[in-house]
Chemist: 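Structure in structure tokens, see below.
Atoms within a ligand are numbered from 1 in the order they appear, just like the ligands themselves.
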Amino acid sequence: MAEIYQAVRVTDKVYWVGAIDWKIRDFHGYDTPRGSTYNAYLVMGEKIALLDAVKEPFKAELMSRIRSIIDPERIDYIVSNHSEPDHTGCLARVIRKVKPEKVFASKMGKKALYEHYAIDVEAVSTGNVLDLGGLSLKFIETRMIHWPDSMVTYIPEVKALISQDAFGMHYATGERFADQLDEPVLRRESDKYYANIVLPYSPIVKNALESLASLDIDLICPDHGPIWRSKEWVGKVLGWYGEYVEQKPTMKAVVIFDSMWSSTEKMAQAIAEGLIEGTADVRMINLHESPRSQVAHELLSAGALLVGSPTINNGIFPTVADVMTYIEGLKPKNLLGAAFGSYGWSGEAVGVLENTLDRMGVERTRESIKVNYVPTGDDLLKCRELGVNIARDMAERI
Ligand code: FEO
């Protein structure tokens with residue numbers, strides 16, 4: 001049909017009808033320099049189901065892609081795998097237009113959809129199967145990956161897993177399939193997505209991966225980013241997730257800091273020199289000019305976190321507070337580290353940072369360093385030594 005937006009064939013029976021958000025650069029605090037997609041899928045048995053919807057402003061794009069292959073009113077069922085508004089923002093309007101026979105979500109999804117939009121849906125649980133005639137939708141709840149309502153839908157006849165946020169990434173492209181894209185970029189964006197969205201739920205993800213191992217999967221169709229088709233690509237992304245849940249420490253040391261008058265920055269540089277001497281792989285991140293999601297991304301495969309802040313008004317610098325709050329919530333594991341910073345008179349910042357590192361379970365293997373006003377040459381040598389010693393501690397753990 002003559003539509004601006006076209007559906008993309010995934011299999012004879014499954015079509016991508018989502019939306020491409022080329023311009024988003026901040027996804028609730030996560031920087032998205034490559035944009036994103038909101039994926040939705042039409043599953044065409046004798047009955048037709050729409051799996052997931054899109055963010056509210058993209059309703060016209062979704063409907064156009066659907067119209068490119070069928071009259072939207074032919075849709076019999078809508079399934080909401082995940083209630084977050086990037087997948088349900090236009091759902092109420094889509095339901096009004098399509099008038100489906102039924103709308104399904106998990107029990108917690110039913111609650112969330114009602115509380116967000118006053119939409120009343122039918123609840124399904126793990127093991128429930130919706131027969132479309134020739135195709136079936138098998139529901140599997142994946143509670144807390146990453147919301148309580150989250151579930152995935154398996155279509156055994158085409159060996160496809162419609163996986164909502166899991167195995168997704170924020171990456172807007174004209175290509176719909178991972179095998180059409182550059183693998184190192186996919187790996188980077190997948191890592192970043194996991195680190196910023198899924199990381200706190202890693203123990204649950206680990207269990208879910210074990211459950212998924214019993215399914216025969218040729219296709220993973222996530223709600224963001226490219227579709228993984230073929231056993232090879234499915235195996236790749238499952239393998240990446242297997243690494244993420246373990247978070248094995250490496251020789252990567254992430255040094256994050258901000259500075260008022262360059263004293264804390266000089267300390268960071270001296271620490272980095274020591275880390276390099278100790279053969280650590282250093283990532284220096286000045287928080288004044290770097291997004292918080294970059295820190296989370298780097299920590300996913302790190303062995304150490306060193307954090308520096310000057311003391312300001314009896315506390316830590318606002319940019320450092322922002323990032324520490326963010327990464328504490330993401331619960332990275334298997335890190336060792338230390339705190340450092342300069343101060344003028346009261347000097348609380350390093351203590352505040354130590355407390356945060358302790359709450360995060362970061363093992364502080366070396367003494368923190370505080371410097372009054374401006375680091376002397378001896379102070380900087382101590383910072384360098386701290387870096388050397390942290391690198392040594394890292395090497396002993398891998
Ligand atoms: Fe893509 Fe959790 O929403």
Chemist: When you measure from atom 2 (Fe) of ligand 1 to the N, O or S atoms of D165, does any of those distances fall below 2.8 Å?
Modeler: yes
Chemist: How long is the span from the CD atom in E73 to the CZ atom in R67, to the nearest 0.5 Å?
Modeler: 11.0 Å
Chemist: In D86, which N, O or S atom comes closest to atom 1 (Fe) of ligand 1?
Modeler: OD2
Chemist: Please note down the angle at atom 1 (Fe) of ligand 1 between NE2 of H224 and NE2 of H87, to the nearest 10°.
Modeler: 90°
Chemist: Any sub-3.5 Å donor-acceptor pair from H170's side-chain atoms to S36's backbone N or O?
Modeler: no
Chemist: Counting N and O atoms only, with roles assigned by atom type, does the side chain of E56 sit under 3.5 Å from a partner on the main chain of C90, one being a donor and the other an acceptor?
Modeler: no
Chemist: State whether the side chain of S263 and the backbone N or O of Y373 hold a donor-acceptor pair below 3.5 Å, judged by distance alone.
Modeler: yes
Chemist: Starting at OG1 of T173, measure out to CG of D182 and round the result to the nearest 0.5 Å.
Modeler: 12.0 Å
Chemist: Looking at atom 2 (Fe) of ligand 1, is one of the N, O or S atoms of E84 less than 2.8 Å from it?
Modeler: yes
Chemist: Can you tell me if, anywhere in H146, an N/O/S atom lies at a distance from atom 2 (Fe) of ligand 1 that is smaller than 2.8 Å?
Modeler: yes
